[in-house]
Protein chains: 2
Amino acid sequence: MSNAKALPLLERSEAPVAAVPCCPPLSERPFTAEEAERTARMFKALGDPVRLRLFSAVASHEGGEACVCDISDVGVSQPTVSHHLKKLKEAGLLTSERRGTWVYYRVEPSVLAAMGQLLAVR
Amino acid sequence: MSNAKALPLLERSEAPVAAVPCCPPLSERPFTAEEAERTARMFKALGDPVRLRLFSAVASHEGGEACVCDISDVGVSQPTVSHHLKKLKEAGLLTSERRGTWVYYRVEPSVLAAMGQLLAVR
DNA sequence: GGGCTAGTTCGACATGTGTCAACATAGACG
DNA sequence: CGTCTATGTTGACACATGTCGAACTAGCCC
């Protein structure tokens, strides 16, 4: 049956919610409730200016990855930066990896491509 | 009454917030605060499941437009549907036109294309 | 070990957002 | 005119979210 309805405690931890091939283009047919729920999470993650700047900073950084210290100059406190990076990670848009003292974030290219597909004009 | 009061005065009177020349791809360079502010509005508009369903319903409807009565079966009350359609309109994603008793909404294709550009992979 | 730097988590707070019922408005139609 | 149908607006309320400072954890180096 549908397992998507009641995810146990995943939202609280750091598991990416939406991993892969999500949905058809928005203009192909009306979204179902479940599709909308899943897709909205990704759009919502990019629906905050600070998160958008962080995401753009990571995406445009050389090598497609950036240390937090490289991108944390977005006008909010450091805990807030951390909070937003976590949100982006939970939405499946970023992944993170610790290397020594620093933590590096990189974009999940498949998800980016999937979102591009969503907006394809029919 | 004047629509969207909170809009900056960049564009003409009832023009949508984000006209065509919005922003470069997210991965081209880090977004400025202003770019992020403007772009986040569009993503935010699609960051709600109900709005996403409404938008998808309009976008996939024949002729690229739909009357409210055609799309209001999304599990929320009628005032809520109206509220979300207003939000989508304020974000520049939809336009509306009254024809007789009914109000028709249609997608703003240029904005959709602009969002697609944003997500283009470098 | 002890201090130092990089990042995350916690607790609290103010603001924003989605929702509905009730009311209001706009056109069609008799 | 009055009424019916289709939408929009208002007011209220619960809940989600963005933000910060303080406390915490992880790794490096003397």
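Computed from heavy atoms alone, side chains included, the values below leave out hydrogens, waters and symmetry copies.
If you measure from atom CD of B:E90 to atom P of C:dT17, you get 11 Å, rounded to the nearest angstrom. Computed from coordinates, the A:E37 CD to C:dG18 C1' distance equals 13 Å when rounded to whole Å. Counting to the nearest Å, the C1' atom of C:dA6 and the CD1 atom of A:I71 are 13 Å from each other. If you measure from atom CD of A:E97 to atom P of C:dT8, you get 13 Å, rounded to the nearest angstrom. Spacing between atom OH of A:Y104 and atom P of C:dA6 amounts to 11 Å, rounded to whole angstrom units. In this structure, CG of A:L88 is placed 15 Å from C1' of C:dT8, rounded to the nearest angstrom.
Between A:H83 and A:K86 the shortest side-chain heavy-atom distance does not fall below 4.5 Å. Between B:E35 and B:P24, the closest side-chain pair of non-hydrogen atoms falls below 4.5 Å. Side-chain contact check for B:C23 versus B:T39: some heavy-atom pair is nearer than 4.5 Å.
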Using atom names, set out every protein N or O paired with an N or O of nucleotides 2-6 of chain D below 3.5 Å, distance rounded to 0.1 Å.
none

Distances under 3.5 Å between protein N/O atoms and the N/O atoms of nucleotides 17-24 of chain D, please, pair by pair.
unit_1 : atom_1 : unit_2 : atom_2 : d
D:dT17 : OP1    : A:K44  : NZ     : 2.8
D:dG18 : OP1    : A:R51  : NH1    : 3.3
D:dG18 : OP1    : A:R51  : NH2    : 2.9
D:dG18 : OP2    : A:R51  : NH1    : 3.3
D:dG18 : OP2    : A:K87  : NZ     : 3.2
D:dT19 : OP2    : A:H84  : NE2    : 2.5
D:dC20 : OP2    : A:S77  : N      : 2.7
D:dC20 : OP2    : A:S77  : OG     : 2.9
D:dC20 : OP2    : A:T80  : OG1    : 2.8

Anything under 3.5 Å between a donor and an acceptor, one on a side chain of residues 50-59 of chain A, the other on a protein residue two or more places apart or in another chain? List them.
unit_1 : atom_1 : unit_2 : atom_2 : d
A:R51  : NE     : A:A45  : O      : 2.7
A:R51  : NH1    : A:H84  : ND1    : 3.1
A:R51  : NH2    : A:K44  : O      : 3.3
A:R53  : NE     : B:F31  : O      : 3.3
A:S56  : OG     : B:L26  : O      : 2.9
A:S56  : OG     : B:R29  : O      : 2.9
A:S56  : OG     : B:F31  : N      : 3.0

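The side-chain hydrogen bond (donor to acceptor under 3.5 Å, both in side chains) check on B:S96 picks up B:K89, with sequence neighbours excluded. Not counting sequence neighbours, B:T101 has no partner by the side-chain hydrogen bond (donor to acceptor under 3.5 Å, both in side chains) test. With sequence neighbours excluded, the residues that form a side-chain hydrogen bond (donor to acceptor under 3.5 Å, both in side chains) with B:T80 are B:S77.
A:Y105 comes within 4.0 angstrom of the backbone, heavy atoms only, and of no base.
Evaluation of the salt bridge (Lys or Arg N to Asp or Glu O under 4.0 Å) test over residues 65-84 of chain A, restricted to residues two or more places apart or in two chains, returns A:E65-A:R99, A:E65-A:R106.
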